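A short worksheet on the structure shown next.
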Amino acid sequence: MSDVRLRGFGWRHSGRRAWAVRGLDLEIRHGERVLLLGPSGAGKSTLLAAIAGLLPEDSGESEGTIAIDGLDPRKARDRVGILFQDPQTQLVMARSGDDVAFGLENRGVPASEIWPRVSDVLDRVGFPYQMNRPTSALSGGEAQRLALAGVLALRPGLLLLDEPTANLDPPGAELIREAVARATGPDTTLIIVEHRVAEALPLVDRVVVLEPGGGVRADGSPDVIFAAYGDKLADEGVWVPGFHASPLKATSQPTADLVRTERAAVSGRLDPVTISVGGGEVLAVTGPNGTGKSTLALLLGGLLAPTSGRVEAFGDRRPPHRWRAATLTGRIGSVFQNPEHQFVTSRVADELALGPRRLGRSPAEVTRVVDELLERLRLTRLAGANPYTLSGGEARRLSVATALATAPRLLVLDEPTFGQDRRTWRELVDLLAALRSEGHGVLAVTHDDAFVRTLADRTVPLGAPRPDPLPRRLRP
């Protein structure tokens, strides 16, 4: 049984003036299934981490109380399972099966039960490989499935899911929702953060909307909440059901190719692919998880060498991966699937200033670029914050901003709309449309159908992943 009670709860990250969450009174009863909503930066991920007992005391300031079945969350961790926004942060073993078994072994589950349970839960989340698959070889979406399998295998009384389908293709996302539905019986309490609101509604019986900076804005059944607050919530950035975006397609033909591959491949990660991106167009790369989309983005961004085939860009006789760092930075801006992987400073403003400084821009020009991007991507209030304390949506906007800071002609974006509320999603789409009109080329790896429908001028789907030919074994 897992009851959750918060009384006046608040948390402020170290170095921040504003509280991530404050004055929060909330009670979630045993067996309830709750969808937690709010604009990007409203504190949803912080709240889940607090309930799981995972906010270190030395990393911020807290007030009020949280209790899980009357216990401090740090003493109730064996009752709680949490899936983070970035699944890579909770994969700890070299082999996939061992990673799912890790938590079971720590909980003292009998050895005879571990491997059948591991095999069963991997099947339920649609994990396509055998148990000895290296975790380092997984795509972002595959890592998401594996991390969820590790959580579900524990059969927690309280299940906390932070954007569980964010990096998944539509069929994979549906598999995850089905697995969650089967795993959350009447004895399981569920709290889920999900921007795909319409798809998540069948999993829940209650919606709680957080007020940015403090308290609960609305609380009730989905029908009541969206009937009473739907229009207002939509205006404030919440993804209410029924959202439709007007298309923003290019009005002119693209210019000459900025980058082109000729049967470029990476052994074991990407089959040969021929693709090109011209100035003044947005190209969307789609397809199932595990087909090498992120690997293709690294190739086109000059961050990985092909093992066969060719990559040519900007008329340079050298492939992009052989360019000097300053040349690459000035021509191509890359945004990784996991934004934290590209942060190298301890302040948001410094992160944005890094690229222009490396290109020798004057202090005045650096300041102008930083201030403009902070304002354009709604990050001004976070200028002095540590990038690693940002919410998932804020971190994604910062990673896009760092790519824009050097004004590259080509942008290579891996899941650019991940973690965005409706308002910041629209602002990102409008920003990319404006860059296209200015002659920039954009390649976006994405599972976001709304993004493709709204902005993409061309779509290139990569083929199906190569499944394991052998049946899954009970032991790796």
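Predicted model, so just to flag it, every value in this text is computed and none were measured. All values below come from the heavy atoms of this structure, side chains included, with hydrogens, waters and symmetry mates left out.
Under the rule for a side chain to side chain donor-acceptor pair (under 3.5 Å), the partners of R124 that lie at least two apart in sequence or sit in another chain are D120. Contacts of D457 classified as side chain to side chain donor-acceptor pair (under 3.5 Å), with partners at least two apart in sequence or in another chain: R436. A search for side chain to side chain donor-acceptor pair (under 3.5 Å) contacts involving Q144 returns nothing, not counting sequence neighbours.
Within the model, atoms CZ of R95 and CD of Q130 stand 11.0 Å from one another, a figure rounded to the nearest 0.5 Å. A distance of 5.0 Å separates CZ in F84 from CG in L54, rounded to the nearest 0.5 Å. In this structure, CG in D430 is found 9.0 Å from CG in L455, a value given to the nearest 0.5 Å. From L160, atom CG reaches atom CG of L83 across 10.0 Å, with rounding to the nearest 0.5 Å. Here the CG-CG distance, from D271 to L296, works out to 11.5 Å after rounding to the nearest 0.5 Å. Between the CG atom in L432 and the NE2 atom in H440 there is a gap of 11.0 Å [rounded to 0.5 Å].
For the 3.5 Å distance criterion, the side chains of D99 and S96 fail to qualify, holding no donor opposite an acceptor. Looking only at atom types and distance, the side chain of T389 has a donor-acceptor partner in the side chain of R16 under 3.5 Å away. Checking Q420 against R426 by side-chain atom types alone, no donor-acceptor pair falls below 3.5 Å.
Under a 3.5 Å cut-off, the side chain of S14 and the backbone N or O of S59 do form a donor-acceptor pair. In this structure, the side chain of T345 engages the main chain of E351 through a donor-acceptor pair within 3.5 Å. T255 places a side-chain N or O within 3.5 Å of a backbone atom of G279 that can act as its donor or acceptor partner. Listed for the D169 side chain is no donor-acceptor partner under 3.5 Å among the backbone atoms of G287. A distance-only check finds no donor-acceptor pair linking the side chain of H13 to the backbone of W19 [under 3.5 Å]. Using a distance-only test at 3.5 Å, with no hydrogens or angles considered, a donor-acceptor pair links the side chain of D448 to the main chain of F451. Not a single donor-acceptor pair under 3.5 Å links the side chain of K293 to the backbone N or O of L462.
The nearest pair of heavy atoms linking A149 to L122 is CB-CD2, 3.9 Å. When all heavy atoms of V151 and I82 are compared, the closest pair comes out as CG2-O, 3.3 Å. Shown here for A401 and L373, the closest heavy-atom pair between the two residues is O-CD1, 3.4 Å. For G463 against P288, the heavy-atom pair with the smallest separation is O-CD, 3.9 Å. Across all their heavy atoms, N289 and S139 have their closest contact at CB-OG, 3.9 Å. Contact record, P416 with V400: O-CG2, 4.4 Å, taken as the closest heavy-atom pair.
Between E427 and R378, at least one side-chain nitrogen of the basic residue sits less than 4.0 Å from a carboxylate oxygen of the acidic one, meeting the salt-bridge criterion. The existence of a salt bridge linking E394 and R381 is confirmed by a sub-4.0 Å separation between a basic side-chain nitrogen and an acidic carboxylate oxygen. Taking 4.0 Å as the cut-off between side-chain N and carboxylate O, E142 and R145 do not count as a salt-bridged pair.
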Item to complete: Run the numbers on V282 and L435 for side-chain contact (heavy atoms from CB on, under 4.5 Å), then give the verdict.
Response: CA-CA 10 Å; V282 175; L435 290 169; over 6 Å; no
Practice prompt. Test side-chain contact (heavy atoms from CB on, under 4.5 Å) on L352 and V366 and set out the steps.
Written response: CA-CA 9 Å; L352 293 174; V366 171; over 6 Å; no
Item to complete: Applying side-chain contact (heavy atoms from CB on, under 4.5 Å), run through M131 and V118 and close with a yes or a no.
Response: CA-CA 9 Å; M131 293 187 193; V118 169; 4.0 Å; yes
Worksheet item: Could you go step by step and tell me if I28 and L158 meet the side-chain contact (heavy atoms from CB on, under 4.5 Å) rule?
Response: CA-CA 10 Å; I28 298 173; L158 174 60; over 6 Å; no
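Other residues, nucleotides and ligands place more than 12 heavy atoms under 6.0 Å from the CZ atom of R182. Within 6.0 Å of the CG atom in D235, the count of heavy atoms belonging to other residues, nucleotides or ligands exceeds 12. Annotation for R77: atom CZ counts as buried by contact number, over 12 foreign heavy atoms lying within 6.0 Å. Enclosure of atom NZ in K249 by more than 12 non-hydrogen atoms of other residues, nucleotides or ligands within 6.0 angstrom is indicated.
Counting heavy atoms from C-beta on, the side chains of V240 and R422 come closer than 4.5 Å. Using a 4.5 Å heavy-atom cutoff, the side chains of L300 and T261 are in contact. Two residues are said to be in side-chain contact when any heavy atoms from C-beta on lie closer than 4.5 Å; F9 and L26 fail this criterion. Between I51 and P73, the closest side-chain pair of non-hydrogen atoms is not below 4.5 Å. Side-chain contact check for S399 versus F343: some heavy-atom pair is nearer than 4.5 Å. Here the side chains of L201 and F226 are in contact, with some heavy-atom distance below 4.5 Å. Looking at heavy atoms from C-beta onward, V259 lies out of side-chain contact with I275 at the 4.5 angstrom threshold. With a 4.5 Å cut-off on side-chain heavy atoms, R269 and T307 do not count as touching.
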Enumerate, atom names and distances included, each donor-acceptor pair closer than 3.5 Å involving a side-chain atom of residues 331-339, sequence neighbours excluded.
{"residue": "R331", "atom": "NH1", "partner": "D316", "partner atom": "OD2", "Å": "3.0"}
{"residue": "Q337", "atom": "OE1", "partner": "G140", "partner atom": "N", "Å": "3.4"}

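For residues 390-430, every residue pair satisfying the ring-ring contact (aromatic ring centres under 6.0 Å, His included) rule, not counting sequence neighbours, is listed here: W239-W425, F243-W425. Among residue pairs with one or both ends in residues 200-217, those qualifying as side chain to side chain donor-acceptor pair (under 3.5 Å) are E32-R206, R206-D219, R217-E236; sequence neighbours excluded.
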